Each structure stands twice: as structure tokens, then as C-alpha cells.
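Worksheet for the structure shown next.
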Number of protein chains: 2
Amino acid sequence: MLVDALQFVKPSRERFEEWHAAGINAIHATVAIWEDSTETMREVGRWQRLLAENADLLCEGRSADDIRRAKEQGRTAVVLGFQNSSPFEDDLDLVGAFHQAGVRIAQLTYNTQNSAGAGCWEGEDAGLSRTYGINLIREMNQVGMVVDISHCNERTSLEAIAASERPVAVTHANPRAFVGEDVELALRNKSDTVLKQTAESGGVVGLSMYPRIAPDGVGCTVDRFCDMVAYTVDLIGIEHVGLGSDYYAGHGDEELHWWRQGRWSRSPMVPISGPVEFPDWFAGGLGYTAVRERLLERGFTAAEVERISGGNWVDLFEDGFTAASPA
Amino acid sequence: MLVDALQFVKPSRERFEEWHAAGINAIHATVAIWEDSTETMREVGRWQRLLAENADLLCEGRSADDIRRAKEQGRTAVVLGFQNSSPFEDDLDLVGAFHQAGVRIAQLTYNTQNSAGAGCWEGEDAGLSRTYGINLIREMNQVGMVVDISHCNERTSLEAIAASERPVAVTHANPRAFVGEDVELALRNKSDTVLKQTAESGGVVGLSMYPRIAPDGVGCTVDRFCDMVAYTVDLIGIEHVGLGSDYYAGHGDEELHWWRQGRWSRSPMVPISGPVEFPDWFAGGLGYTAVRERLLERGFTAAEVERISGGNWVDLFEDGFTAASPA
């Protein structure tokens with residue numbers, strides 16, 4: 001099983017063929033960053049059309065069964081998700097509506113503060129809001145939408161884990177203690193405390209090859225990445241480690257601009273250079289097949305590699321994508 | 001000059017006739033609490049239609065000149081404003097667009113946290129966001145929309161005052177130190193620190209007869225209210241005190257429900273009882289004429305009463321409703 005718990009590629013047949021060739025069984029694909037409900041529904045609709053048009057390569061990833069079936073059929077299941085809660089527009093009913101539309105994972109915040117909590121570009125004072133933030137998590141727990149804290153600041157992350165009655169996901173981030181502060185976006189990585197509590201919630205952490213948060217940045221080798229996998233497994237246990245590349249490709253300058261400042265700023269708020277460069281071995285976002293091989297060489301058992309490369313995500317999605325039982 | 005710096009009445013001819021009979025020269029009327037841009041534009045449009053249909057009694061309040069002209073003509077100028085920044089949808093361009101549409105005042109937050117800051121129902125940890133919050137204030141300063149901090153929590157209030165290059169308004173709140181904690185919504189009132197810094201910014205504080213934040217609640221007398229005026233004048237100076245009743249009338253249960261929990265909660269988050277009861281002398285929201293008379297009896301000069309009952313607001317609006325000069 002090979003699951004990449006976050007890619008934000010511009011969808012195209014070329015990409016889907018690459019996934020197929022690399023044997024990727026499921027991708028969590030981003031459909032919203034700052035978008036409101038209408039803008040997001042258009043993007044969901046676009047993906048649904050693309051799934052139908054490319055049904056030889058792709059299928060919907062609405063459940064763990066969908067992903068297992070995709071693997072059997074040699075297709076890639078696409079799990080739709082948000083990197084922000086903006087599409088809900090502070091309307092609890094829209095959580096269930098987007099679940100019905102196929103969305104299964106949502107970050108509470110992108111990099112900034114919103115009505116639910118605060119992202120990693122804010123200070124550490126703001127946390128999960130006592131009002132909407134708590135209610136949003138309760139609603140996501142109820143309908144079966146996984147709470148993703150990847151971009152939340154420390155405090156919001158910890159308060160979200162505490163508030164959620166179901167396991168919480170870090171779909172794409174790295175251990176800050178391992179990677180160090182010497183990467184472009186060190187604040188995007190997670191403290192050992194957040195990683196441990198994510199695991200205690202029953203959640204999974206997707207390790208990322210995004211160079212701005214990866215060890216040694218663009219110089220990160222397969223071995224160095226595997227060192228990080230080993231570190232994280234030692235820290236939180238084999239059942240809680242997965243992969244989540246944060247790979248993106250195909251977007252133009254206008255889209256990068258949108259991700260970095262939405263409509264809420266006239267200029268970039270953090271000094272991020274242009275499009276990111278990934279290391280050669282991660283070309284096309286497909287390097288996790290190499291990671292899987294190297295982990296086996298380094299003595300991880302086949303069962304352990306199976307967990308890390310996708311099994312843990314499928315286990316989390318098994319329950320996490322399903323509505324909670326009535327109390 | 002008599003200006004009420006916040007009423008949230010359901011607009012109707014009956015109300016406009018009452019304002020006229022009471023000699024109210026300007027009302028700041030709320031057109032958004034949790035509404036998004038489209039919902040708010042509908043409400044703005046409704047008001048514009050009502051202003052045209054009732055032009056014998058009302059006129060637009062887009063400038064201090066509009067208000068002075070309204071007084072000469074025996075009409076009431078209506079200044080449109082928001083009690084939340086939700087209509088902007090985190091889009092800086094919408095600030096200018098709503099200014100063009102006639103909106104002149106906006107609170108950064110209602111009672112909860114949003115992408116700009118935090119309201120008084122949250123804790124004291126969250127403040128003005130370093131990202132959108134700062135940018136929103138800069139944009140409001142630029143286009144000539146007055147920043148209103150009435151419902152913001154302490155920290156957001158102080159950080160907003162510091163961030164704003166133009167005077168900040170507290171359109172409707174009372175001094176917590178005078179009123180005490182023994183009212184239903186004590187957190188809605190302002191510390192002496194916030195009141196002083198509002199004044200230092202060049203801003204004005206509108207004292208409110210809303211019983212949940214007024215001294216002695218529904219038992220507040222005209223004299224007790226005037227005691228509060230005197231306290232506030234002593235604290236921050238005669239040039240910084242005005243009136244802002246927070247009077248509301250004509251709304252049904254569904255609308256009260258909306259104000260209290262929007263779509264972001266399934267149940268009330270704070271224990272507020274049903275519709276509010278105002279003291280008899282404040283019937284129809286018209287009691288500020290009585291306050292004006294009583295202040296004169298108590299020895300305030302005519303010029304001082306003129307400032308408190310409206311002159312200070314008109315002075316603030318004179319500059320505050322106008323676009324900033326290019327740097």
C-alpha cells in the first residue's frame with residue numbers, strides 16, 4: 001500500500017499516469033486553501049469530472065474500502081481535502097454538505113488565524129477558538145471528516161487534539177526537533193509534544209519531502225529522509241507514522257501568489273522564494289517508492305514498511321471517514 | 001446635535017418617525033453581524049431603498065456634511081456599519097467596495113474570534129492577527145472606514161488601537177470600572193486602559209443604555225446614566241465621550257437566535273435571556289434627549305452637552321469617513 005497524504009498538484013492526465021506508473025494507491029488532494037464554499041464546490045466538481053474522465057487511472061477515495069479496491073484494480077484513489085476551513089464559512093451545516101460531496105479531510109487553519117484557530121504564521125498566543133473552533137471539531141467528528149492540524153500553530157494543534165474525540169491527522173509536516181531550525185519554514189514543523197499527542201489520539205503523521213521543511217532542504221537524500229522516518233517511529237511508534245509529501249506541481253505564479261497571500265494581503269507576509277525545487281530522487285513527487293525500498297534495506301520489516309507507506313493511513317481513514325454512531 | 005452611534009433596529013417607517021420626533025440627527029445602523037458579502041449587500045440595498053422611500057425623514061450618512069445637512073433639514077442621517085468584519089470575507093478589495101456602497105464603520109469582530117481578531121466571548125489570549133488583522137486596519141484607514149472595537153476583547157482592542165493610524169471608535173460600550181461586574185455581559189464593557197487609549201488615538205466612546213451592560217441594568221435611571229457620562233468625561237476628556245445606545249427593536253426570535261449563534265453553533269454559547277427590556281425612560285431608544293437635558297441641569301455647559309450628544313461623533317466622522325491622503 002502506498003498512500004501520499006498530501007499532494008497539491010494541478011490535476012492533469014500526465015500526473016495521473018505518473019501516479020499509476022509509480023504504484024500510488026491513494027493521494028490526498030487539496031481542493032481549497034483560501035476558497036469560500038462556492039469556489040470550493042467548483043473545484044470539487046472539477047475533480048469529480050476528472051475522476052470520471054480518467055476512470056481507467058483514478059477512482060474516488062471516500063472510504064478505506066475505496067482505497068483497497070483502487071489497489072486491487074491498479075488505480076489511484078483520490079481523497080479530497082481542504083488545507084483551511086474557509087469553505088465552511090463558519091456554517092456547521094456546510095461540514096456535512098462537503099462530506100456528502102466527497103471531502104474527507106480538512107485542516108482547521110492554513111497559515112493564518114481564522115475563526116476556528118491560528119496557523120503557524122501567527123504567534124503562539126491564539127489557539128482553538130472556544131466558540132466556533134470547538135463546534136467545528138465536534139461537527140467534523142460527527143460527520144466523519146478527519147481533523148488535520150498540519151499548518152496550525154502549536155497551541156491550536158494541542159487544543160484541537162484535546163477537543164477532538166476522534167484521532168487527529170498531521171497529513172504533511174516533519175519533526176522540528178529532527179529537522180532543526182535551519183530550513184525556510186521551520187515553524188511549519190511539529191514539536192515532539194504535538195507529534196506524541198497526535199499519536200496518543202490514535203492519529204498519524206505524514207512525513208514530508210517538501211524541501212522548505214525537510215532535513216537539509218533540497219539536499220535531503222533518501223537516506224536522510226529514512227533517518228527522519230526512523231526518528232519519528234522511535235518517538236511515536238510504528239503505527240502512527242506515514243507519508244505526506246506536500247508535493248505540488250503545475251501551478252503558475254498567480255496560484256503560488258494566491259496560496260501565499262490570498263486576498264488578505266497586498267504583499268507576501270513571509271519571505272518565501274519562488275517555486276520550490278524538489279531533489280532529483282523525488283521528481284514528480286514519486287520518490288516514496290524509493291523510500292519504501294530503502295526502509296526495507298535498512299531492516300524495517302515488510303509489515304512495518306507497509307504500515308509506514310500507507311497502511312496506517314488506511315487504518316485511520318477506515319473509521320475516520322465514517323459518521324460517528326449516534327450517542 | 002444628537003447622534004446615536006449604534007442602533008440595530010428593524011427598519012420601518014414607524015421607527016423613522018420616532019427618530020424624527022425625538023430630533024435624532026444621525027443613527028449608526030447595523031447591516032451585518034455574521035453575514036457574508038452577498039447577504040450584506042442585500043441589506044445595504046434594502047437600506048438604500050428605504051432611504052429613498054422615506055426621504056422626507058431620512059438621508060444617507062456618508063459624511064459629516066451629510067449629518068450637518070440632515071440636522072438643518074430636520075432629517076435623520078443613517079450611517080451604515082458592520083458589527084463584524086465577516087462581509088469582507090478576508091478580501092481587502094471588499095473594504096473599498098463596501099465603502100463605495102456607503103458603509104462607513106466596521107467592528108473588527110463581533111463576539112467571537114475571526115481572521116482579524118477576537119471578540120469578548122473568547123479568552124484574552126487571542127489578539128489582532130499579525131496577518132489579515134493588521135492589513136484590514138491599514139485598508140480601513142486608507143479608504144476611510146472607521147475601525148470600531150466595541151465587541152473586541154481587551155487584547156484585540158489594544159492591538160487594534162496601536163495598529164490604526166487613525167482614531168478608533170468604541171461605538172457602543174461602557175466603562176467596566178464604573179458599571180462593575182454585576183451585569184449580564186460585563187465582558188462587553190471596556191477597561192479604563194482601553195477607554196484611555198481610544199481617547200489617545202483621537203477616538204470617541206459611545207455610552208450605551210443596553211441594560212445588559214448598563215449600570216444597574218434595566219434599573220438604570222437617567223441620573224445613573226449621567227453619573228456614567230461624568231465618570232467617563234473625567235477619565236478620558238470631554239472630547240472623547242459620545243452616545244451609542246445599542247438599542248434594538250422589531251426583531252423576531254429567529255433574528256435574536258442569529259445574532260447569538262450565527263451558523264457556527266447548534267446552541268447558545270452564552271446564557272442570554274430572551275429579548276432585552278429597556279427602562280421606560282429609554283422607550284423607543286429615544287431617551288438620549290432626556291440625558292441631554294439632565295446633563296445641562298447638572299451643570300455641563302451647552303457646548304459640552306453638544307459635544308457629548310453628537311458633536312464629538314461628527315468631528316470623528318469628518319476625517320474618519322474620508323480616504324487617507326496619498327503618502
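Chain naming here is simple, since letters A, B, ... match the order of the sequence lines and numbering starts at 1 in each. It should be emphasised that the depicted structure is a prediction, and the values quoted were computed from it without experimental measurement.
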Exercise for the section: Tell me, yes or no, whether the heavy-atom count around R266(B) atom CZ, taken from other residues, nucleotides or ligands under 6.0 Å, exceeds 12. Expected result: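 Correct, the count exceeds 12.
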Problem - Residues from residues 84-95 of chain A approaching chain B under 4.5 Å (heavy atoms) - result: E89(A), D90(A), D91(A), L92(A), D93(A)
Exercise for the section: Please list, in residue-number order, every residue in residues 126-133 of chain A that has a heavy atom less than 4.5 Å from any heavy atom of chain B; write 'none' if there are none. Expected result: A126(A), G127(A), S129(A), R130(A), T131(A), Y132(A)
Problem - Polar side-chain atom of Q113(A) near backbone of N114(B) as donor-acceptor pair, under 3.5 Å - result: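 At least one qualifying donor-acceptor pair exists.
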Problem - Residue pairs passing the salt bridge (charged side-chain N to carboxylate O under 4.0 Å, His left out) test where at least one lies in residues 97-107 of chain B, sequence neighbours excluded - result: none
Practice task
Output the residues of residues 143-166 of chain B for which the shortest heavy-atom distance to chain A is under 4.5 Å, in residue-number order; output 'none' if no such residue exists.
Solution key: R155(B)
Exercise for the section: Flag the one option from T112(B), N111(B), D36(B), T109(B) with the top tally of heavy-atom pairs under 4.5 Å to chain A. Expected result: T112(B)
Problem - Region of E139(A) in contact with chain B, defined by heavy-atom distances below 4.5 Å - result: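 Contact with chain B: side chain only.
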Fill in the blank from the handout: OH (Y110(A)) and OG (S115(B)) are apart, to the nearest 0.5 Å, by 16.0 Å
